[in-house]
Amino acid sequence: MTNDSITLTRRRLLAGSATGVAALATGGLLSACQPDAGAGGDSGPKGIDNVDPIQLPEPRTDILYPEGYIGPRAYDREPFSDGSQTFRVVVAQDAQVVGDWAKNKATAEMERRTGLKIEFIPVLVRSTDGTIDMTKINAMLSGGDLPDAFLGIPFTSAQLSLYGQQGLFVALDDYIETYSPMTKQAMADYPDLRNLRASADGNLYTMLGVNDCYHCRSSPGRAWVSQKYLDKVGMDMPTTTEELREVLLEFKGSNPSGESGFMPFASSESQPMDTFFMNAFLYNPGGDQLGAGGANGGWMRLDAGKVQFVPTLPEWREGLKYLHQLGQDGTLTRATFQMKDAELQQNGNKGLVGFTRAYWWGTFFNPINLGLDEPWRDYVAVPPLKGPEGVQYARWDHYGYTTDGLQITTQCSSPELLVQWVDYLMDLEATLWSYSGVLDENAFFAKEGDVGINGKQALYYTDVWPAPAGQSWSQYGVMYRSSDFRLGERVDPKQPTFEAGLYEAGKAYEEFAEPKEMQLPRLIFPDEDSALVADTAVAINSTIKSSLAKFSLGELDPNNDADWQRYVDEFQAMNLQPYLDIHQKVYDQMPK
């Protein structure tokens, strides 16, 4: 349903790791066990000397691909390994879905397909927040007990760059050129893919994965309204900021729920207001910085190639004036900024929510039952609003399809075998096994006439997701789940899912997506700048979130020049200009 990945706090891993990495790199352990397989660079990858590049055979013809399909295909390929070598690969421990990696059915299937034997070394996933405990990984990197590879571990781009340049990870471009035709196909299908994961020195230190979730491109900037309540008060779907204000006032005055505690506008503290509302005044990427993998501080966009900080622009002030008016109306209240996620879900379940800024139905309903008449189905996505000056942007992620891949360490004696192993994982059948479990038991190819999420011929369907325990690798493997693959999942009216509705919500936003050239992609900062960038980003995040609430609730007045100037001055006092200068310099130097 989402472009899931395990999160990792960037500063937590980087802090204290550089010294250990440097010490290890200067020791005797790293004796360069791989051939010279370096960067693509300006001249492109050269491949491995005296080895002919592997070519894909013709794809199988027994599978129904949707018209115009771009994505993984199925091939008949023989195993490439005789099983005489075993590779140690660190993975995430996931007791609920994956179970014992050694006994997992997808593991056995991948060994059958490739002939390669893998000894999986699980590391703890903390169940409270879903993040990986990096303690053991840090010890491996700093102490020299390196595995052959890491799979699905969420190293940031900065960490990949650091560890690669320190000699811990193998540069992979030349290996990919020779041994990985599926990766080359993915790079052809997604021309930005390599550069989004390339390191500061131009090398690629990770195998590339794709998980292109169409509806996720707009989900952090979406809002929802109850169509049932709109109908009750006799109002149409709002299309402008003023029309939404009128809807909220009508909700407040008439209480279409008929229940005590009804909120015309409800959200929670984890749902940013600005990603929806400010885009009626200017393009605002929001605080999580689209496609940046946490590397950028947020609220920055490109204007003719120049990095621009959005929250101090005059148009942002106009957006604050609008939110301030909603606060004066009494439809945007303090609860919107303070409500906990669980409380918002409880209110949704009780029918007490009229309009909400939320990622999807699960944000304001819990648990969700999939029945066709369940109340969450009353809520429909509100298309991007047109502001008073005609501005109408959707916050859209052009770069968010990259996933955590596989990193081969310089401890590995045969990197080319692991590169081929990843290439086999990107096959269509292998992707279904890895993600959905046993083929023809839980994952199935569609039949002619089956309809996919996007209305085209379906490609596949899944009986149960997540797959039953011990059948799949969940989303930890290297995947090639293109948008067409994901949207090729069969829609069964008798077994409804959320995906078709989320696709329709995304379609309502795509028309208004900001131009790609306005989105600031992932940046990798040099060590000497990383502390300033991280500290300034924390300060900016705190100031914007608190000020947004204060302006909306009347503690500050955006119509007052003095209040606005004090707000702008706060950013100047926190090294904003040097912060922007660093971003500009790194952006100018990145591969285009």
Just to verify, what does Lys447 make a side chain to side chain donor-acceptor pair (under 3.5 Å) with, not counting sequence neighbours?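 Expected list: none.
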
Report the residues that fulfil side chain to side chain donor-acceptor pair (under 3.5 Å) with Tyr65, sequence neighbours left out, ordered by chain and then residue number.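 Result, side chain to side chain donor-acceptor pair (under 3.5 Å) vs Tyr65: none returned.
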
Backbone of Pro220 reached by a side-chain donor or acceptor of Thr275 within 3.5 Å: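 Answer holds: yes.
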
With heavy-atom distances below 4.5 Å as the criterion, would you say the side chains of Gln475 and Asp94 are in contact?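 Side-chain contact under 4.5 Å: no.
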
Tyr214 and ring-ring contact (aromatic ring centres under 6.0 Å, His included): which single residue from Trp396, Tyr401, Tyr509 fits?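 Output: one option passes, namely Trp396.
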
Aromatic plane relationship, His583 with Phe525 - under 30° parallel, 30 to 60° tilted, over 60° perpendicular: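 If you compare the ring of Phe525 with that of His583, the planes turn out perpendicular.
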
Give me the ring orientation class for Phe120 and Trp473: parallel if the planes are under 30° apart, tilted from 30 to 60°, perpendicular past 60°.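 Aromatic pair Phe120/Trp473 classed perpendicular.
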
Would Arg112 and Glu109 satisfy salt bridge (Lys or Arg N to Asp or Glu O under 4.0 Å), going step by step from the backbone distance to the final call? CA-CA 5 Å; Arg112 184 192 70 79; Glu109 173 65 12; 2.8 Å; yes

Under 3.5 Å, side-chain donor or acceptor atoms of residues 422-429 against the rest of the protein: list the pairs with distances, not counting sequence neighbours.
{"unit_1": "Asp423", "atom_1": "OD1", "unit_2": "Ser180", "atom_2": "OG", "d": "2.8"}
{"unit_1": "Asp423", "atom_1": "OD1", "unit_2": "Met182", "atom_2": "N", "d": "2.7"}
{"unit_1": "Asp423", "atom_1": "OD1", "unit_2": "Thr183", "atom_2": "N", "d": "3.3"}
{"unit_1": "Asp423", "atom_1": "OD2", "unit_2": "Arg77", "atom_2": "NH1", "d": "3.0"}
{"unit_1": "Asp423", "atom_1": "OD2", "unit_2": "Arg77", "atom_2": "NH2", "d": "3.3"}
{"unit_1": "Tyr424", "atom_1": "OH", "unit_2": "Glu78", "atom_2": "O", "d": "2.6"}
{"unit_1": "Asp427", "atom_1": "OD1", "unit_2": "Glu429", "atom_2": "N", "d": "2.8"}
{"unit_1": "Asp427", "atom_1": "OD1", "unit_2": "Ala430", "atom_2": "N", "d": "3.3"}
{"unit_1": "Asp427", "atom_1": "OD2", "unit_2": "Tyr75", "atom_2": "N", "d": "2.9"}
{"unit_1": "Glu429", "atom_1": "OE1", "unit_2": "Arg60", "atom_2": "NH1", "d": "3.4"}
{"unit_1": "Glu429", "atom_1": "OE1", "unit_2": "Arg113", "atom_2": "NH2", "d": "2.5"}
{"unit_1": "Glu429", "atom_1": "OE2", "unit_2": "Arg60", "atom_2": "NH1", "d": "2.8"}
{"unit_1": "Glu429", "atom_1": "OE2", "unit_2": "Arg60", "atom_2": "NH2", "d": "3.4"}

Do NZ/NE/NH1/NH2 and the carboxylate oxygens of Arg194 and Asp173 come within less than 4.0 Å?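 Result for this pair is yes, salt bridge flagged.
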
Answer yes or no: is there an ion pair linking Glu177 with Lys184, defined by an N-O contact shorter than 4.0 Å?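 Yes, Glu177 and Lys184 are salt-bridged.
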
Between Trp421 and Phe80, is the ring pair (Phe, Tyr, Trp, His ring centres under 6.0 Å) condition met? List the steps. CA-CA 9 Å; Trp421 183 68; Phe80 59 84; 9.1 Å; no

Any side-chain donor near an acceptor of the partner, Glu111 and Thr107, under 3.5 Å: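 Side chains of Glu111 and Thr107: no pair found under 3.5 Å.
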
